[in-house]
Amino acid sequence: MKKQPDRLFARPLVQVPDFAFNEDVVRVFPDMIKRSVPGYPTIVENLGVLAGQFAQPHSVLYDLGSSLGAVTQALRRHVQVEDCRVIAVDNSSAMVERCREYLHAQDSMFQELLPVEVVEADILSLAFQPTSLVALNFTLQFIQPEQRLALLGRIRQALLPGGALILSEKLRFEDAEQHKLLGDLHIAFKRANGYSELEIAQKRSAIEKVMLPDSLEQHRERLLAAGFSKVVPWFQCLNFASLIALP
Ligand SMILES: C[S@@+](CC[C@H](N)C(=O)[O-])C[C@H]1O[C@@H](n2cnc3c(N)ncnc32)[C@H](O)[C@@H]1O
Ligand SMILES: O=C(O)C(=O)C[C@]1(C(=O)O)C=C[C@@H](O)C=C1
């Protein structure tokens with residue numbers, strides 16, 4: 001379970017392959033996401049706090065695209081509601097395997113944590129159980145754009161009254177000047193976290209076909225079209241934001 005620094009794009013690659021959540025990424029993922037996503041630790045910790053306000057007894061909490069279970073761990077630290085359990089879902093077997101190890105370690109450190117099940121599955125073909133809280137923390141941006149509405153619709157159908165979806169995403173901006181400013185500041189954030197120009201450029205070309213961010217307006221419209229009644233942004237740092245969507 002050794003956590004390694006992210007040097008995946010440090011050396012020049014003849015051809016940069018498309019980004020995938022494989023074994024190499026799993027080894028460096030905690031370091032990669034913290035150094036790449038402005039506000040990530042704040043979002044994850046507060047997601048636990050927010051979840052505590054929506055979680056209901058005898059219901060399921062979903063962490064969709066759970067990676068190594070950072071959100072699941074925050075849910076388990078913050079939510080103390082009777083007969084709640086967490087279902088963490090990811091379709092990367094490398095992520096799922098390591099996630100189970102981390103959660104096992106959390107079990108041995110804390111008492112009275114919510115029970116958790118880690119499922120290796122495609123969230124697009126998941127049969128959702130009635131749920132009071134769904135977290136999509138930087139996952140929707142990796143789903144094919146034409147499949148996003150249907151997924152959100154199914155999540156909406158599964159949500160209990162009084163529950164919530166928490167959706168965190170990288171944003172693009174419809175105003176070109178704003179898009180460039182926040183994009184440049186994100187690059188400055190990566191530089192300040194020790195990434196070289198080469199690492200930044202190669203990561204960008206690895207990710208540009210697999211991660212397709214939407215604008216805040218697109219998110220809002222799509223969430224409303226999926227049947228959500230209200231969309232409330234609760235956090236933004238540069239071009240990364242998190243929204244609460246109410247059923
Ligand atoms: C950026 S990571 C999410 C980070 C994580 N939620 C966290 O807060 O640390 C995106 C994750 O979504 C997973 N993923 C992408 N498409 C998926 C799908 N269709 N079904 C399940 N998981 C998916 C990837 O394997 C990856 O682990
Ligand atoms: O936008 C970027 O440059 C990123 O690296 C973002 C991002 C993400 O938002 O999930 C992309 C892939 C990695 O999982 C970590 C961070």
Side-chain angles (χ1 to χ4, degrees), residues 3 6 8-9 16 18-48 51 62-75 86-99 102-103 118-126 128 134-148 150-152 154-155 166-172 179 182-191 193 195 199-214 235 237-242:
K3 289 184 190 169
D6 172 22
L8 288 185
F9 297 98
V16 181
D18 279 349
F19 187 85
F21 292 97
N22 56 25
E23 189 58 53
D24 293 336
V25 168
V26 165
R27 267 194 292 273
V28 303
F29 191 71
D31 181 63
M32 170 187 278
I33 196 153
K34 205 162 49 178
R35 288 165 66 210
S36 302
V37 176
Y40 174 77
T42 309
I43 291 176
V44 170
E45 205 54 39
N46 283 291
L47 221 150
Y62 280 105
D63 177 6
L64 302 180
S66 46
S67 296
L68 299 177
V71 168
T72 292
Q73 291 203 23
L75 295 175
V86 183
I87 302 184
V89 187
D90 205 290
N91 66 353
S92 153
S93 54
M95 284 290 187
V96 165
E97 193 182 320
R98 191 65 63 87
C99 180
Y102 282 142
L103 291 172
V118 186
V119 180
E120 183 180 331
D122 185 339
I123 58 173
L124 295 172
S125 46
L126 202 66
F128 289 104
V134 177
L136 271 171
N137 208 41
F138 304 110
T139 300
L140 193 68
Q141 61 200 8
F142 291 100
I143 301 292
Q144 285 302 314
E146 62 278 10
Q147 297 183 309
R148 293 178 188 179
L151 172 64
L152 294 173
R154 290 192 304 113
I155 292 171
I166 302 178
L167 173 65
S168 312
E169 290 272 290
K170 185 176 188 179
L171 294 180
R172 67 177 189 82
H179 185 77
L182 293 177
D184 288 349
L185 291 174
H186 179 222
I187 290 173
F189 169 88
K190 286 192 165 187
R191 223 179 263 132
N193 282 327
Y195 285 121
E199 285 176 294
I200 293 168
Q202 293 194 133
K203 171 81 179 281
R204 175 183 285 192
S205 77
I207 213 150
E208 69 192 354
K209 285 204 238 71
V210 290
M211 189 183 97
L212 303 168
D214 293 318
F235 183 90
C237 185
L238 306 180
N239 45 359
F240 289 78
S242 189

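Both counts, for ligands and for their atoms, begin at 1 and track the order of listing. Below, all heavy atoms of this structure are taken into account, side chains as well, without hydrogens, waters or symmetry copies.
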| task | Could you tell me whether the side chain of R148 reaches within less than 4.5 Å of the side chain of D214, counting heavy atoms only? | result | yes
| Shortest non-hydrogen contact between F240 and P38, atoms and distance | CD1-CD, 3.3 Å
| atom 3 (O) of ligand 2: nearest protein contact (heavy atom, Å) | K190 NZ, 2.6 Å
| Going by heavy atoms in the side chains, are R27 and M32 under 4.5 Å from each other? | no
| said: Just to be sure I read this right, does ligand 2 sit under 4.0 Å from the backbone of V25, its side chain, both, or neither, counting only heavy atoms? | reply: neither
| query | Using 30° and 60° as the class limits, which term best fits the ring planes of F19 and F9: parallel, tilted or perpendicular? | reply | parallel
| query | Within the distance-only criterion (no hydrogens, no angle test), does the side chain of S92 pair as donor or acceptor with the backbone N or O of F21 below 3.5 angstrom? | reply | yes
| task | Report the nearest protein non-hydrogen atom to atom 1 (O) of ligand 2: residue, atom name, distance rounded to 0.1 Å. | result | K170 NZ, 2.8 Å
| said: Could you identify the single nearest non-hydrogen protein atom to atom 27 (O) of ligand 1 and state the distance to 0.1 Å? | reply: D90 OD2, 2.6 Å
| Between A70, C99, S67, which one has a non-hydrogen atom sitting closest to atom 2 (S) of ligand 1? | S67
| query | Heavy atom of A121 under 4.0 Å from ligand 1? | reply | yes
| field | Sidechain-backbone polar pair: Q202 side chain, V16 backbone, donor-acceptor under 3.5 Å | value | no
| task | Find all atoms of ligand 1 within a distance of less than 4.0 Å from any non-hydrogen atom belonging to D122, and give their numbers and elements. | result | 18 (C), 19 (N), 20 (N)
| Nearest non-hydrogen protein atom, atom 14 (O) of ligand 2 | F29 CE1, 3.3 Å
| field | From T139, D90, N91, V134, residue fulfilling side chain to side chain contact (heavy atoms under 4.5 Å, CB included) relative to I123 | value | T139
| message | Under a 4.0 angstrom heavy-atom cut-off, which atoms of ligand 2 come close to M211? | response | 1 (O), 8 (C), 9 (O), 11 (C)
| task | May I ask you to list the atoms of ligand 1 that are less than 4.0 angstrom from any heavy atom of F142? | result | 1 (C)
| query | Okay, side chain of H186, backbone of V37: is any donor-acceptor separation there less than 3.5 Å? | reply | no
| remark: Note: ligand 2 atoms sitting under 4.0 Å from heavy atoms of I207 are 11 (C), 12 (C)
| query | Between F21, Y40, F19, which one has a non-hydrogen atom sitting closest to atom 9 (O) of ligand 1? | reply | Y40
| note | Nearest non-hydrogen protein atom to atom 1 (C) of ligand 1, with distance, is F138 O, 3.2 Å
| said: To check you understand the geometry: which heavy-atom pair defines the closest contact between R35 and D6, and what is its length? | reply: NH1-O, 3.4 Å
| query | Is the charged tip of R154 near the ring of F128: under 6.0 Å from the six-membered ring centre and within 45° of its axis? | reply | no
| task | Determine whether Y195 and S36 make a side-chain contact, defined as any pair of heavy atoms from C-beta on separated by less than 4.5 Å. | result | yes
| note | shortest atom 16 (C) of ligand 2-to-protein heavy-atom contact is with V37 CG2, 3.6 Å
| For ligand 2, which atoms sit closer than 4.0 Å to a heavy atom of S36? | 5 (O), 16 (C)
| task | Evaluate the criterion side-chain contact (heavy atoms from CB on, under 4.5 Å) for residue pair L136 and I143; output intermediate values, then yes/no. | result | CA-CA 11 Å; L136 271 171; I143 301 292; over 6 Å; no
| At a 4.0 Å cut-off, with the gap strictly under it, does some heavy atom of E169 reach an atom of ligand 2? | no
| query | Do the side chains of P213 and E169 get nearer than 4.5 Å, heavy atoms only? | reply | no
| field | Heavy atoms of other groups near R172 CZ, more than 12 under 6.0 Å | value | yes
| In ligand 2, which numbered atoms sit nearer than 4.0 Å to a non-hydrogen atom of H186? | 1 (O), 2 (C), 3 (O)
| task | Taking only heavy atoms of F240 into account, list the atoms of ligand 2 that are under 4.0 Å away from them. | result | 1 (O), 9 (O)
| Out of D63, L68, N91, who gets a non-hydrogen atom closest to atom 22 (N) of ligand 1? | N91
| said: I need the minimum non-hydrogen distance between G69 and D63, along with the two atoms involved. | reply: CA-OD2, 4.4 Å
| query | Is K203 in polar range of ligand 2, meaning some N or O pair under 3.5 Å apart? | reply | yes
| Do ligand 1 and L64 have nitrogen or oxygen atoms that lie under 3.5 Å from each other? | no
| request: Report the C-alpha separation of N193 and F189 in whole Å, then their side-chain angles, then the decisive distance to 0.1 Å, and conclude whether the side-chain contact (heavy atoms from CB on, under 4.5 Å) test is met. | output: CA-CA 6 Å; N193 282 327; F189 169 88; 3.2 Å; yes
| said: Return the closest protein heavy atom for atom 8 (O) of ligand 1 as residue, atom name and distance. | reply: N137 ND2, 2.9 Å
| Protein residue, atom and distance nearest to atom 10 (O) of ligand 2, heavy-atom basis | Q141 NE2, 3.3 Å
| With only distance considered, is G65 within less than 3.5 Å of ligand 1 through an N or O on each side? | yes
| note | Checking heavy atoms under 4.0 Å, the part of V71 that sits near ligand 1 is side chain
| said: Does E120, at its CD atom, have more than 12 non-hydrogen atoms belonging to other residues, nucleotides or ligands within less than 6.0 Å? | reply: yes
| said: For atom 20 (N) of ligand 1, what is the closest protein heavy atom, and at what distance to 0.1 Å? | reply: I123 N, 2.9 Å
| request: Can you sort out which atoms of ligand 1 are near S92, meaning under 4.0 Å from one of its heavy atoms? | output: 25 (O)
| message | Heavy-atom pairs closer than 4.0 Å: do any link ligand 2 to the side chain of R204, the backbone, both, or neither? | response | neither
| query | Can you find an N/O atom of S66 closer than 3.5 Å to an N/O atom of ligand 1? | reply | no
